[in-house]
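Here is the structure we will look at.
The analysis underlying the following values was restricted to heavy atoms, covering all of them including side chains, and did not include hydrogens, waters or symmetry mates. The structure displayed is predicted, hence computed values, not measured ones.
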Amino acid sequence: MFKNLGYRIGFWLLVAVVVIFSVFPFYYAIITSFRTGAALYDSSIMFNSFDTKNYADLFSNSNQSFVRSLWNSVMVATLVVVVSLFVSVTSAYALGRVNFKGRGFLLMVVLAVSMFPQVAVLSGMFEMMRAFGLYGKTLGLILPYMIFTLPFTVWVLTTFMRDLPKELEEAAIMDGCTPWRIIKDVFMPLMWPALVSTGLLAFIAAWNEFMFALTFVNSNDTRTVPVAISLLSGASEHELPWGTIMAASVIVTLPLIAMVLTFQRKIVSGLTAGAVKG
């Protein structure tokens, strides 16, 4: 009895440590975003100030570049998710349901692409962006972002697609359905947990990406919000607008938290699909 109680107490203590470690940086960003002037140098972790000046500065007429960057991030991340899911669903059908020589090797190659660090492909991707005429354009970021979203989405959806009952596909073929109609009308309604989880994680990856966005776009009109935050400046070149940066970080983080909390059940069921047999 005491042994079980000790295990339970230790488990919840570990959970508490993990939660505090994960939540505290965001909590500190929130309380700092409501501080201005000398209050920014206060090391207290208590919520003892509520000044919305930092948020007002972000959306003022003199700082429209942040609003534009926010819209750029929404547009790019959404299109990356749409393109990634379309390519991944069709690829998953071929890799998970069609028997052909080298299928396993091809899937391993797709997964291996995600193991390369961004800096390793930066120069090659830069030349490709220039060759396609995409350098300096916001929508051009979709191409490099697909490098780290497609391998993950293809792998997860292929695993999910492989475990769907063969009888459904056979019945659809008997009814004269084409492969695209099988994917759209038979498989996709069953794949919503996997689609939501992979789509959300692809959105988060594209939303937070910094290196490609910093390298491939070069104006305030085309930058995404992570780069815009890094370039926020104060009243002088020697002033670091810490409160404004924290306010921008909170604004950028809140939509991700809302989406994760909304779809958390589908995320878990989608990521664990195919993990247990029998």
Discussion item. If hydrophobic clusters are built by linking Ile, Leu, Val, Met, Phe, Trp and Tyr wherever their side-chain heavy atoms come under 4.5 Å apart, do Ile257 and Tyr55 end up in the same one?
Written reply: yes
Item to complete: Considering non-hydrogen atoms only, spot the tightest contact between Leu164 and Phe187 and give its length.
Response: CD1-CD2, 3.4 Å
Worksheet item: Would you say the side-chain atoms of Thr36 and Asp51 include a donor-acceptor pair closer than 3.5 Å?
Response: yes
Item to complete: Could you go through the side chain to side chain donor-acceptor pair (under 3.5 Å) check for Ser69 and Thr224 one step at a time?
Response: CA-CA 5 Å; Ser69 299; Thr224 55; over 6 Å; no
Practice prompt. Indicate yes or no: at least one non-hydrogen side-chain atom of Trp155 is less than 4.5 angstrom from one of Met108.
Written response: yes
Fill in: Near-ring test Phe148/Tyr145, centroid separation under 6.0 angstrom
yes
Worksheet item: Would Arg68 and Asp221 pass as an ion pair if we require N to O under 4.0 Å?
Response: yes
Worksheet item: Side chains of Thr153 and Ser88: donor-acceptor distance under 3.5 Å anywhere?
Response: yes
Item to complete: For the pair Asn220 (side chain) and Ser65 (backbone), establish whether a donor and an acceptor sit closer than 3.5 Å, ignoring hydrogens and angles.
Response: no
Worksheet item: Same cluster for Leu254 and Val67 if Ile/Leu/Val/Met/Phe/Trp/Tyr side chains link at under 4.5 Å?
Response: yes
Practice prompt. Look at the rings of Phe66 and Phe59 and say which category their plane angle falls in: under 30° parallel, 30 to 60° tilted, over 60° perpendicular.
Written response: perpendicular
Worksheet item: What is the ring orientation for Phe212 with Phe216, classed by angle as parallel under 30°, tilted 30 to 60°, or perpendicular over 60°?
Response: parallel
Fill in: Side-chain heavy atoms of Leu195 within contact of Val89, under 4.5 Å
yes
